[in-house]
Number of protein chains: 2
Amino acid sequence: MLMTSSTLPTRERIIRAAGKLFHGEGIRAVSVDAVAEKAGVTKRTLYYHFRSKDDLIAAYLDTRDQPNLALFQRWFAETEGDVADKVASLFSNLARAARHPEWKGCGFLRTSVELVNLPGHPAITIGRAHKKRVEDWLFSAFTEAGVGENALQLARQVILLLDGSFAVVLLHRDPSYMEAAADAASRLIRTALPGSAAIDRLPVPDYL
Amino acid sequence: MLMTSSTLPTRERIIRAAGKLFHGEGIRAVSVDAVAEKAGVTKRTLYYHFRSKDDLIAAYLDTRDQPNLALFQRWFAETEGDVADKVASLFSNLARAARHPEWKGCGFLRTSVELVNLPGHPAITIGRAHKKRVEDWLFSAFTEAGVGENALQLARQVILLLDGSFAVVLLHRDPSYMEAAADAASRLIRTALPGSAAIDRLPVPDYL
DNA sequence: TCGTGTATATTCACTGGTCAGTATACATCA
DNA sequence: TGATGTATACTGACCAGTGAATATACACGA
């Protein structure tokens with residue numbers, strides 16, 4: 001593997017090029033030749049490092065898993081307030097990202113759509129695992145916040161709102177939907193919180 | 001146009017074949033030849049009725065707009081209870097549909113993903129219009145139910161949960177997410193309803 | 001230190017196949 | 001006879017994947 005200190009390993013360069021093109025244009029719209037050219041490599045070299053285009057797709061998605069989750073966790077940790085505020089901030093940060101004209105939605109969801117006729121495709125497994133990891137992380141956060149047995153249902157509902165945001169904003173190109181999602185998520189969480197605002201702001205009846 | 005009483009007009013046959021194939025396999029995965037063959041027509045005939053594959057895609061989506069909305073409206077109308085129950089029934093009906101192994105999610109969302117690199121494509125405009133029609137219909141329903149100025153926000157939130165359901169269930173193939181969406185939607189609606197259950201079920205304090 | 005073998009890494013040129021779209025001609029019917 | 005509709009057969013582009021040869025790096029024995 002010939003390279004200077006300033007160049008990435010070939011395999012990394014290919015994955016990076018694939019990531020930009022697949023995410024930017026769509027998996028099926030991008031040819032292996034285009035990826036190879038963008039990576040500055042011949043197609044044959046690409047096929048030395050990856051068995052097939054499907055392999056490359058899976059490798060590309062795999063590299064997105066950890067950073068994506070880490071970004072969510074960072075947004076969550078950096079936000080002041082209770083767990084509802086922290087979750088709401090996920091959506092406002094997403095809205096900020098979605099305002100960028102190059103924003104193209106969620107690569108995992110988009111891949112599952114593009115490969116809908118190949119149910120066993122490894123990339124779909126990777127997408128499922130990623131979404132599950134986000135859901136599990138939310139579940140822990142809700143459990144720690146003391147929502148009790150609602151944690152699982154809440155985690156799923158936030159996932160639904162997140163992925164709904166991706167889908168709706170990709171279609172309408174209107175990130176303000178994400179603010180509506182933030183509002184929905186924090187309302188749902190708050191009514192499950194021990195010191196539930198929706199209920200506790202009501203006067204407590206005398207006989208309690 | 002040669003045909004007997006039992007055959008559809010050629011154009012309709014083509015659109016119907018395109019619908020089955022595009023929805024079943026994905027737009028980019030299906031060739032014009034495949035559509036023509038399924039319609040029992042030569043490709044040249046197909047190109048007589050449609051200027052291009054893009055034209056055919058748009059025509060296919062167009063035929064799904066009205067029936068899709070009508071189905072939602074039927075499910076809504078056939079459900080007993082308040083508006084929250086009626087909306088919840090949309091999700092449980094969707095879950096029932098999604099349990100069918102041939103279920104493939106929402107054609108409008110999937111098209112917007114497959115054509116993400118062609119922002120001005122007519123099919124995307126059709127998809128936007130469809131989603132907007134559903135949202136507007138929900139808005140009217142919420143307004144009539146007396147949620148006041150919350151109607152717009154609620155309609156958007158239900159859309160987010162609907163499209164989130166499509167995306168998540170397509171990925172995980174687990175329709176039970178739709179029950180979580182139903183729960184979220186009806187909670188959100190109920191807290192906005194004049195006789196809000198979340199608040200009114202609490203005992204009324206003596207001094208009110 | 002000089003070969004020499006071997007695994008890694010890369011290139012050029014190619015194949016077989018598919019795809020969207022078309023040129024041309026034939027048929028049917030008002 | 002002219003508009004509508006359908007068929008056969010084709011074009012040119014593209015695409016995933018491959019064959020065969022070459023270059024580099026390094027290990028090890030003489």
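In what follows, chains are A, B, ... by sequence order, proteins preceding strands, each numbered from 1.
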Q) Separation of A:R11 atom CZ from C:dT10 atom C1', in whole Å? A) 16 Å
Q. Are the charged groups of A:D85 and A:R190 less than 4.0 angstrom apart, N to O?
A. yes
Q | N/O donor-acceptor pair under 3.5 Å between A:N68 side chain and A:D65 backbone | A | no
Q. Between A:H49 and C:dT8, is there a side-chain N or O to OP1/OP2 distance below 4.0 Å?
A. no
Q) Looking at B:T45, does any N or O in its side chain come under 4.0 Å of the phosphate oxygens OP1/OP2 on D:dA7? A) yes
(Q) Counting only heavy atoms not in A:R16 (residues, nucleotides, ligands), do more than 12 fall under 6.0 Å from its CZ? (A) no
**Q.** A:Y48 side-chain N/O to C:dT10 phosphate OP1/OP2 under 4.0 Å
**A.** no
Q) Do you know which of B:K132, B:K131, B:H130 makes side-chain contact (heavy atoms from CB on, under 4.5 Å) with B:V134? A) B:H130
(Q) Pairing donors with acceptors under 3.5 angstrom, does anything connect the side chains of B:R156 and A:S176? (A) yes
(Q) Rounded to whole Å, how long is the line connecting atom CZ of B:F22 with atom C1' of C:dC19? (A) 13 Å
Q: Please state whether the phosphate of D:dG5, meaning OP1 or OP2, lies under 4.0 angstrom from any side-chain nitrogen or oxygen of B:T10.
A: no
Q. So, B:K38 and B:E25, do they make that salt bridge, N to O below 4.0 Å?
A. no
Q) In whole angstroms, how far is the C1' atom of D:dA7 from the CD atom of B:E37? A) 15 Å
Q) B:R13 has an atom CZ; how far is it from atom C1' of D:dT6, in whole Å? A) 11 Å
(Q) What does the B/S/- profile of nucleotides 20-25 of chain C look like, 5' to 3', with a 4.0 Å heavy-atom cutoff to protein? (A) BBBBB-
Q. A:I57 CD1 to D:dC15 C1': how many Å, rounded?
A. 13 Å
Q | Carboxylate-amine/guanidinium proximity below 4.0 Å for A:D183 and A:R187 | A | yes
Q) Atom CD of A:E25 and atom C1' of D:dC14: how far apart are they, to the nearest Å? A) 16 Å
Q. Has B:E37 got more than 12 heavy atoms of other residues, nucleotides or ligands less than 6.0 Å from its CD?
A. no
Q.
Could you check whether atom CD of A:E149 has more than 12 heavy atoms from other residues, nucleotides or ligands sitting under 6.0 Å from it?
A. no
Q. What stem regions, each of at least 3 consecutive Watson-Crick or G-U pairs below 3.5 Å, can be found for DNA chain C?
A. C:1-30 with D:1-30
